[in-house]
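From a predicted model like this one, the values you see are computed outputs, not experimental measurements. Sequential numbering from 1 along the given sequence is applied to the chain's residues.
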Amino acid sequence: MVKQLPRIPHLRSFLQYQSRRHASTKPTHLTILNQDYPTDHKTNITPTIISKLPIRLHTQRSHPLSTIRSLIESHYPTFSHLSSFSPLVTPYQNFDSLAFPVDHPGRSVTDSYYINEGLMLRTHTSAHEVEVFAKGEDRWLLTADVYRRDEIDASHYPVFHQMEGARIFEASPSGMKEVEDDNARLASHLAKSNIVIEDIPHLSPTNPVQPLHDPKHSEAVALNLKLSLNSLLLELFGGVAGVSKEDPLRVRWIEAYFPFTSPSYEVEVFFRGKWLEILGCGVVAQSTLDSAKIANKLGWAFGLGLERMAMILFQIPDIRLFWSTDPRFLSQFSHGKITTFQPYSIHPANWKDVSFWLPHSEKQKATMHDNDFCDLVRDVVGDLVEDVKLVDQFTHPKTNRQSLCYRINYRSMDKPLTNAEVNDHQSRVKAQLKEQFRVEIR
Ligand code: DAH
């Protein structure tokens, strides 16, 4: 998966440890999207996350995420536009069908939300590649909400939205003619446009052609991918950036690695003075098409994050705003139009620290993953939390007990918070910490 910001040092999941110790407190079943599911030792989905599942912001008309989706969909008018796949997938769909190794960190309960051992929330839209190809779709876009356990700050939220796009061609002379004709069309359009592309070779020793691919076919498909995405980015950013003769849109291609594509790339756009990573893509692994029982075809796929795109294009400074139901946010947008967000209120930040000792038993030294702490805070205070940082951790040299100190920044998007309110939220966080993790507040 596209790399995340660096984490604090990885700690074994305290949640897992706790669920073994306090197994009796976990419900035996959970109702998710009106269906009942049994829980087990892997269950870590939280009430906050369950409440987000029906919302599907990408389908809410006039919402910035839905506007980005429609703009990309209109750029690919001949593609199928899919957006109603269930967020509940098997680990096989999310990882194995895409050749993720068995020890990939994304599979762990500290990184992903599990309903139970056999069912999880998709962490990316690539989870649906095999089933969409298996339906016989050969050019498609799929938009969906995706879920990852993560830290809390202005650009990370445990629910976000991605769009997956893919196109496959016959691996035959007529298929390659189709690619080449399309390449000629796209290249002539780009040649007339104000865009500067920093390209890299399609293939390299570290970004190789797949063993079963004819290198010529792979190159033609990779070129199609590049031309197609360059023209998409020109359309999305060109208008807003005020691209001019003196100031063309700059796009750069970088070699990347994904287990389900080869060659693979990341694409960055130079926007408002910075290079911004926009998407990951590549030539689809033949094993993915084999799993979908698609023979004699090859093609490309890309995956992009809609929040990231919308934050850049609409100048939305905090990812929580996408979930706001405040009319001062929602009424600013009209469907299909990119406009600059006008902040309506910036309230002061309220920092509070909480320090605690983790429980300690003879047998096990307890630890807590920062994602466990973040999920707890979100469950207690919702979107009033802007940012969480682990500011201190140490192990007592004599007792061997571990102490953690987290700094929580409370800030509402909508109204100023009083001191009393912030103190009340902080007390509820402490109470929940004691209840759920049996910690001793210091
Ligand atoms: N699924 C990847 C992620 O979430 C993004 C991605 C990379 C999608 C390469 C693709 C692809 O389709 O070819 O980080």
Practice task
With side chain to side chain contact (heavy atoms under 4.5 Å, CB included) as the test, would you mind laying out the steps for L229 and C281 before giving the verdict?
Solution key: CA-CA 10 Å; L229 286 174; C281 60; 3.9 Å; yes
Practice task
Evaluate the side chain to side chain contact (heavy atoms under 4.5 Å, CB included) criterion for residues M413 and D383: first the C-alpha distance (whole Å), next the side-chain angles of each, then the deciding distance (0.1 Å), finally the verdict.
Solution key: CA-CA 8 Å; M413 297 269 107; D383 285 354; over 6 Å; no
Exercise for the section: Take E421 and K415, measure what salt bridge (Lys or Arg N to Asp or Glu O under 4.0 Å) needs, and give me the verdict at the end. Expected result: CA-CA 12 Å; E421 280 173 308; K415 59 181 177 57; 3.4 Å; yes
Exercise for the section: Starting from the C-alpha separation in whole Å, work towards a yes-or-no answer on side chain to side chain contact (heavy atoms under 4.5 Å, CB included) for L433 and M368. Expected result: CA-CA 11 Å; L433 264 175; M368 177 189 272; 3.9 Å; yes
Problem - side chain to side chain contact (heavy atoms under 4.5 Å, CB included) between Q402 and H396, intermediate numbers included - result: CA-CA 6 Å; Q402 214 199 342; H396 192 284; over 6 Å; no
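The minimum heavy-atom distance between L233 and V251, with the atom names listed, is CD1-CG1, 4.1 Å. Residues L65 and A310 come closest through the heavy atom pair CD2-CB, 4.1 Å. Minimum heavy-atom separation, R69 to S83: NH1-OG, 4.5 Å. Shown here for P259 and Y257, the closest heavy-atom pair between the two residues is CA-OH, 3.6 Å. Here the closest non-hydrogen pair linking A127 and L98 is N-CD1, 4.0 Å. The shortest non-hydrogen separation linking I72 to L141 is O-CD1, 4.1 Å.
In this structure, the side chain of N194 does not engage the main chain of P248 through any donor-acceptor pair within 3.5 Å. Remark: side-chain polar atoms of T288 are not paired, donor with acceptor, to backbone N or O of V284 under 3.5 angstrom. Under the 3.5 Å distance criterion, the side-chain polar atoms of R148 are matched with a main-chain donor or acceptor of T123. R252 places no side-chain N or O within donor-acceptor distance of the main-chain N or O of V269, the cut-off being under 3.5 Å. The backbone N or O of R107 sits nowhere less than 3.5 Å from a side-chain atom of D111 that would complete a donor-acceptor pair. Judged by distance alone, the side chain of D387 and the main-chain N or O of N409 form no donor-acceptor pair under 3.5 Å. Checking side-chain atoms of R328 against main-chain N and O of D414 turns up a donor-acceptor pair under 3.5 Å. Under the 3.5 Å distance criterion, the side-chain polar atoms of N207 are left unmatched by any main-chain donor or acceptor of P263. With hydrogens and angles disregarded, no donor-acceptor distance shorter than 3.5 Å links the side chain of R378 to the backbone of V385. A distance-only check finds a donor-acceptor pair linking the side chain of T43 to the backbone of I115 [under 3.5 Å].
Take E164 and apply the side chain to side chain donor-acceptor pair (under 3.5 Å) test, not counting sequence neighbours, and it matches T125, S126. Under the rule for a side chain to side chain contact (heavy atoms under 4.5 Å, CB included), the partners of Q342 that lie at least two apart in sequence or sit in another chain are Q332, T340.
Applying the side chain to side chain donor-acceptor pair (under 3.5 Å) test to pairs two or more places apart or on separate chains, those with a residue in residues 51-67 are K52-Y157.
Using a 30° and 60° split on the angle between ring planes, F100 and H104 fall in the perpendicular class, above 60°. Ring planes of F373 and Y406: parallel class, angle under 30° (limits at 30 and 60°).
By the 4.5 Å heavy-atom criterion applied to side chains, V159 and I55 are not counted as neighbours. Between Q35 and Y37 the shortest side-chain heavy-atom distance falls below 4.5 Å. At a threshold of 4.5 Å between non-hydrogen side-chain atoms, the residues V109 and Y114 count as touching. Contact check for M309 versus I278: side-chain heavy atoms found under the 4.5 Å cut-off. Side-chain contact between L306 and M163: present, with at least one pair of heavy atoms (C-beta onward) separated by less than 4.5 Å. A 4.5 Å side-chain heavy-atom check between Y265 and L279 finds every atom pair outside the cut-off. Side chains of L417 and R411 form no contact here, defined as non-hydrogen atoms less than 4.5 Å apart.
None of Q426, H425, H347 except one satisfies the side-chain hydrogen bond (donor to acceptor under 3.5 Å, both in side chains) rule with Y410; the exception is Q426. Residue H128 is tested with W140, F85, F133 for a ring-ring contact (aromatic ring centres under 6.0 Å, His included); the sole match is F85. With Q93 as reference, E131 is the one residue of E131, E129, R122 to meet the side-chain hydrogen bond (donor to acceptor under 3.5 Å, both in side chains) rule. Partner of I319 under the side-chain contact (heavy atoms from CB on, under 4.5 Å) criterion, chosen from H156, E307, R308: E307.
The pair D182-R167 meets the salt-bridge criterion, with a side-chain N (NZ, NE, NH1 or NH2) lying under 4.0 Å from an Asp/Glu carboxylate O. Salt bridge absent: E151 and K389 never bring a charged side-chain N and a carboxylate O closer than 4.0 Å. Taking the charged nitrogens against the carboxylate oxygens, D318 and R320 do have a contact shorter than 4.0 Å, which makes a salt bridge.
Distance check: I50 CD1 to I45 CD1 gives 4.5 Å after rounding to the nearest 0.5 Å. Here I254 contributes atom CD1 and E266 contributes atom CD; the two are 6.5 Å apart, rounded to the nearest 0.5 Å. Here H360 contributes atom NE2 and T399 contributes atom OG1; the two are 6.5 Å apart, rounded to the nearest 0.5 Å. If you take CG on L236 and NE2 on H75, they are separated by 8.0 Å, rounding to the nearest 0.5 Å. To the nearest 0.5 Å, atoms CD1 (I49) and CG (D375) are separated by 6.0 Å. Atom CG of L384 sits about 5.5 Å away from atom OG of S412, to the nearest 0.5 Å.
The closest side-chain donor-acceptor pair between S112 and R149, if any, does not fall under 3.5 angstrom. There is a side-chain donor-acceptor pair under 3.5 Å between E255 and S204. A donor and an acceptor atom, one from each side chain of S228 and Y76, are located under 3.5 Å apart. D36 and T31 are linked by a side-chain donor-acceptor pair at a separation below 3.5 angstrom, with hydrogens and angles left out of the test. Side-chain contact of T39 with H29: a donor-acceptor pair under 3.5 Å is absent, judged by distance alone.
The ring of F160 has its center no closer than 6.0 angstrom to the ring center of F322. Aromatic rings from F271 and F237 are positioned such that their centres are separated by under 6.0 Å. When ring centroids are compared, H124 and Y147 stay outside the 6.0 Å threshold. Annotation: F258 is not in aromatic contact with W300 [ring centroid separation under 6.0 Å not met].
Taking the ring axis of F356 as reference, the NZ or CZ atom of K430 does not stay both within 45° of it and closer than 6.0 Å to the ring centre.
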